[in-house]
Colleague: 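Shown below is the structure under consideration.
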There are 2 protein chains.
Amino acid sequence: MVAPSDLFGALSVPGDPPPDMFEPVTTVRMSQVVVDQIRAHVRSGRLSPGDKLPSERDMCDVFAVSRVTVREALRILEANGIVEIRIGAQGGAFITSPSRQRVGESLADLMLLSPITALEVTEARIVLEMGLIPLVVERATSEDLDDLRRLCEQARVALANDTYTMAMSGAFHMRLASSAHNTAIESLAHGFYGNMVSSLRQAQNVAPVMGHVGTQEHLAVVEAIAARNVEAATSVMSRHLHRTEERVRSAHSESVHTD
Amino acid sequence: MVAPSDLFGALSVPGDPPPDMFEPVTTVRMSQVVVDQIRAHVRSGRLSPGDKLPSERDMCDVFAVSRVTVREALRILEANGIVEIRIGAQGGAFITSPSRQRVGESLADLMLLSPITALEVTEARIVLEMGLIPLVVERATSEDLDDLRRLCEQARVALANDTYTMAMSGAFHMRLASSAHNTAIESLAHGFYGNMVSSLRQAQNVAPVMGHVGTQEHLAVVEAIAARNVEAATSVMSRHLHRTEERVRSAHSESVHTD
DNA sequence: AGAAAGCCATCGGTCATACCATTAGTCCTA
DNA sequence: TAGGACTAATGGTATGACCGATGGCTTTCT
């Protein structure tokens with residue numbers, strides 16, 4: 001009679017490390033497999049923004065899975081900003097063209113939920129904004145400058161009305177970043193300011209007077225850009241950002257005491 | 001008998017633009033509501049990394065929804081990197097502590113799927129890396145410098161063996177970024193190089209000889225940092241990055257022809 | 001007594017079916 | 001012809017069931 005172990009004699013070689021005959025069986029979620037397939041098609045360009053995926057019920061047949069699985073896959077794709085779901089007749093899952101808005105949101109979300117301090121974010125902001133100033137000076141269009149001036153004017157009015165918010169400052173900085181005409185940089189700025197607006201709101205109350213100085217500096221930056229003067233723009237921006245950094249630093253040390 | 005319209009008499013004021021009495025009825029997905037509640041608790045700190053959410057079946061009771069809805073919510077939270085699901089007994093949804101790794105992955109993913117060109121990414125890289133040089137010069141520890149020198153040495157050996165890869169260059173730049181001792185900057189760098197490694201792989205073949213020059217420049221940057229010489233480090237780095245930019249630019253124009 | 005083997009409760013993964021809500025297109029009526 | 005009602009397509013949700021994986025508990029053998 002053959003002992004059971006002999007049936008696997010070829011595999012059980014004592015003292016001999018078994019080579020890669022078998023791979024560990026990976027338990028992959030079916031919904032993840034569906035996601036990977038669709039994502040691969042998007043990356044390869046076989047699926048382009050605006051394209052419509054089959055209806056959920058049709059995808060059940062295509063992928064040979066239940067509707068629950070298809071729907072979970074769609075939730076993942078939707079959360080990743082790859083598809084957009086529309087309900088009703090002629091609805092369905094449409095491949096999205098990821099907007100700066102969405103990229104920025106995700107970035108902001110990641111920063112909010114990760115152990116990154118406001119101080120670190122501010123420092124990264126300084127790096128980013130100081131670096132993009134030369135690009136803006138070089139590329140800003142008259143439309144960019146008009147928008148920036150308008151934002152400064154709105155801030156001035158809001159300050160007079162005592163309705164100035166941190167979001168208005170963020171809007172200025174985001175518009176400034178978009179004036180660099182580089183989508184990647186613009187997305188990063190969106191991420192930073194989406195984060196800043198919520199995480200540094202307290203700093204606004206700490207120093208409401210700062211708004212006046214800050215707004216004046218904003219305007220000074222815009223005019224330096226309009227004059228295509230890199231040095232002046234850099235100088236003003238540096239002062240502006242480092243003043244913000246100090247404010248964050250003090251707000252932080254304060255919260256340490258009060259928390 | 002009261003006409004139906006009279007029941008809303010107070011609301012139907014002809015000629016008077018209706019103020020914000022009614023809000024548009026938004027059909028929000030129930031799974032999204034669940035996501036929002038959990039996410040809010042994470043943001044407020046009531047849920048911390050490592051905490052375990054109730055089991056799916058328990059959450060059905062808590063939120064008064066079906067298991068399908070709970071599971072879709074979990075898929076969204078998982079895709080956002082907020083929770084991690086473990087199967088089996090004592091499994092469930094655990095709040096994750098977002099690692100640099102994850103943040104970087106998501107960032108890279110966002111860039112891959114968004115209409116951001118390699119050229120734009122490279123430009124953003126230049127802004128980031130030039131900006132972080134002063135921080136690195138100020139903060140780099142001997143451990144940082146040792147690691148960077150080791151990476152340079154590995155690259156030298158790999159070049160001799162003809163096993164040099166773009167990933168090795170990326171590793172150097174990521175380690176350089178982490179030497180700034182700023183989590184936010186480190187995450188951004190991870191995002192950039194995770195993206196670069198895949199999107200610019202072709203550039204490697206275009207100019208394999210470049211590796212020698214690039215590695216020598218890497219080493220020069222390290223030594224300038226070790227000497228705490230901001231100007232020298234900035235100068236070398238600027239040359240290095242702009243050479244890379246040119247390479248990307250030519251690779252891009254080439255791919256335009258070959259694609 | 002200690003260790004190995006097996007059993008079991010828990011919990012996520014998947015499926016099938018049913019019904020509701022929303023939406024766009026169509027058709028019918030005034 | 002214009003407006004409203006009907007209809008089909010499609011996503012959203014609920015229910016109930018079963019399977020697979022996992023870790024702890026119990027049993028059994030040495």
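Letters A, B, ... are given to chains in the order of the sequence lines, protein chains preceding strands, and every chain is numbered from 1. Hydrogens, waters and symmetry mates are skipped; everything else that's a heavy atom, side chains included, is used.
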Colleague: Apply the test side chain to side chain donor-acceptor pair (under 3.5 Å) to residues R175(B) and S178(B): give CA-CA distance (whole Å), side-chain angles for both, the deciding distance (0.1 Å), then the verdict.
Modeller: CA-CA 5 Å; R175(B) 188 63 188 83; S178(B) 74; 2.7 Å; yes

Colleague: Under 4.0 Å between a side-chain nitrogen and a carboxylate oxygen: does that hold for R75(A) and E72(A)?
Modeller: no

Colleague: Produce a footprint string for nucleotides 7-16 of chain C: one letter per nucleotide, 5' end first; B if the base is under 4.0 Å from any protein heavy atom, S if only the sugar-phosphate is, - if neither.
Modeller: ---BBBBBB-

Colleague: Working to the nearest 0.5 angstrom, can you tell me the gap between Q154(A) CD and M168(A) CE?
Modeller: 5.5 Å

Colleague: Return the CG to CD distance between N182(B) and E123(A), rounded to the nearest 0.5 Å.
Modeller: 5.0 Å

Colleague: Roughly how far, to the nearest 0.5 Å, is the CG atom of L128(B) from the CG atom of L188(B)?
Modeller: 6.0 Å

